[in-house]
Amino acid sequence: MPELVFFSGTMDCGKSTLALQIEHNRSARGLLGMIFTRDDRAGEGKLSSRLGLVTDAVEAAEGFDFYAYIVDRLSQGGRCDYVIADEAQFLAPEQVDQLARIVDDLDLDVFAFGITTDFRTRLFPGSRRLVELADRVEVLQVEALCWCGARATHNARSVGGVMVVEGAQVVVGDVHHSQDEVGYEVLCRRHHRRRMTAATARAATLSPDVLPVASD
């Protein structure tokens, strides 16, 4: 039976890499899929992995109708054996409903990939709806690590290396960024609660209040 499967995890845990691997494996068996993404780091209409892999995709912008797009493709004689939707956390709940309808009405497998919670530890609307509707929710087993070496479970947003907990839910950035830019970092729960990023941890270590130097 076709399924709606939600692959979830923190940033930097290999979601996009797995999406590309699924595409490779299925296309190698003669299947033809449709790939969708939203606000990928590589730019519009791209699905990219931090390992350097990239492929073309359909940009699923605000208001995009997945079900209508696939039906139109099939009605015009096109082919679609499965659907991949990356960056699914950015989707509106009604767009997730459309993905579920593709499974139920068109008998196609849909593989959605996304971050579960935002930098405030709140569920993204798209991720929440996927948890509610998916036939299976798979937490990726490739563990991202906090700067302390513990398993990273939370996504943090930083500006100038300082963690922030207020602002718009969606601001496109990456884990690789200059210190003056808006960026993201994965942290364990302890250090997310303490708002301690790698940059602030280094600053604390170098602080004379933490490491006093005795004068002669």
(request) State plainly whether the residues Asp105 and Arg101 are in salt-bridge range, i.e. N to O under 4.0 Å. (result)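 Arg101 and Asp105: salt-bridged.
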(message) Assess whether a salt bridge exists between Asp86 and Lys15, defined as any Lys/Arg side-chain N lying under 4.0 Å from an Asp/Glu carboxylate O.
(response)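 Judged by the 4.0 Å cut-off on N to carboxylate O distance, Asp86 and Lys15 do not form a salt bridge.
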(message) Membership question, hydrophobic clusters at under 4.5 Å side-chain separation (ILVMFWY): are Leu140 and Val137 in the same one?
(response)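 No.
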Using every non-hydrogen atom in the two residues, find where [X] and [Y] come nearest and quote the distance to one decimal.
{"X": "Arg38", "Y": "Phe90", "result": "NH1-O, 3.2 Å"}
{"X": "Thr197", "Y": "Leu187", "result": "CA-CD2, 4.2 Å"}
{"X": "Cys146", "Y": "Ala152", "result": "N-CB, 3.6 Å"}
{"X": "Gln95", "Y": "Ala61", "result": "NE2-O, 3.3 Å"}
{"X": "Ala57", "Y": "Thr37", "result": "CB-CG2, 3.8 Å"}
{"X": "Ser16", "Y": "Glu87", "result": "OG-OE2, 4.4 Å"}

(message) For Glu23 and Gln21, which I'm curious about, is there any donor-acceptor pair between the side chains at under 3.5 Å?
(response)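 No, Gln21 and Glu23 have no side-chain donor paired with an acceptor closer than 3.5 Å.
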State, yes or no, whether a side-chain contact exists between [X] and [Y] at a heavy-atom distance under 4.5 Å.
{"X": "Asp107", "Y": "Val103", "result": "no"}
{"X": "His192", "Y": "Thr121", "result": "yes"}
{"X": "Leu20", "Y": "Thr55", "result": "yes"}
{"X": "Val186", "Y": "Asn155", "result": "yes"}
{"X": "Arg128", "Y": "Val96", "result": "no"}
{"X": "Tyr82", "Y": "Leu108", "result": "no"}
{"X": "Asp109", "Y": "Val83", "result": "no"}
{"X": "Phe64", "Y": "Val58", "result": "yes"}

Please check if the side chain of [X] supplies one atom and the backbone of [Y] the other of a donor-acceptor pair under 3.5 Å.
{"X": "Ser127", "Y": "Ile115", "value": "yes"}
{"X": "Ser75", "Y": "Val71", "value": "yes"}
{"X": "Trp147", "Y": "Ala199", "value": "no"}

Between atom [atom1] of [X] and atom [atom2] of [Y], what is the distance when rounded to the nearest 0.5 Å?
{"X": "Asp72", "Y": "Tyr67", "atom1": "CG", "atom2": "OH", "answer": "12.0 Å"}
{"X": "Met163", "Y": "Thr200", "atom1": "CE", "atom2": "OG1", "answer": "9.0 Å"}
{"X": "His154", "Y": "Cys188", "atom1": "NE2", "atom2": "SG", "answer": "9.0 Å"}
{"X": "Glu132", "Y": "Leu123", "atom1": "CD", "atom2": "CG", "answer": "9.0 Å"}

(request) In sequence, state the C-alpha distance, the side-chain angles, and the governing distance for Arg129 and Asp97, and then conclude on salt bridge (charged side-chain N to carboxylate O under 4.0 Å, His left out). (result) CA-CA 8 Å; Arg129 192 61 177 148; Asp97 289 348; 2.8 Å; yes
(request) Step through it carefully: locate the ring centre of Phe111, locate the ring centre of Phe6, and say whether they are under 6.0 Å apart. (result)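 Judged by ring-centre distance (under 6.0 Å), Phe111 and Phe6 do not meet the cut-off.
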(request) Look at the rings of Phe113 and Phe7 and say which category their plane angle falls in: under 30° parallel, 30 to 60° tilted, over 60° perpendicular. (result)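 Judged by the thresholds at 30° and 60°, the geometry between Phe113 and Phe7 is parallel.
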(message) Does Arg195 have more than 12 heavy atoms from other residues, nucleotides or ligands lying within 6.0 Å of its CZ?
(response)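 Counting other residues, nucleotides and ligands, CZ of Arg195 stays at 12 neighbours or fewer.
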(message) Counting neighbours of CZ on Arg79 that are heavy atoms of other residues, nucleotides or ligands and sit closer than 6.0 Å, is the number greater than 12?
(response)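 Yes, CZ of Arg79 has more than 12 neighbouring heavy atoms, counting only those of other groups under 6.0 Å.
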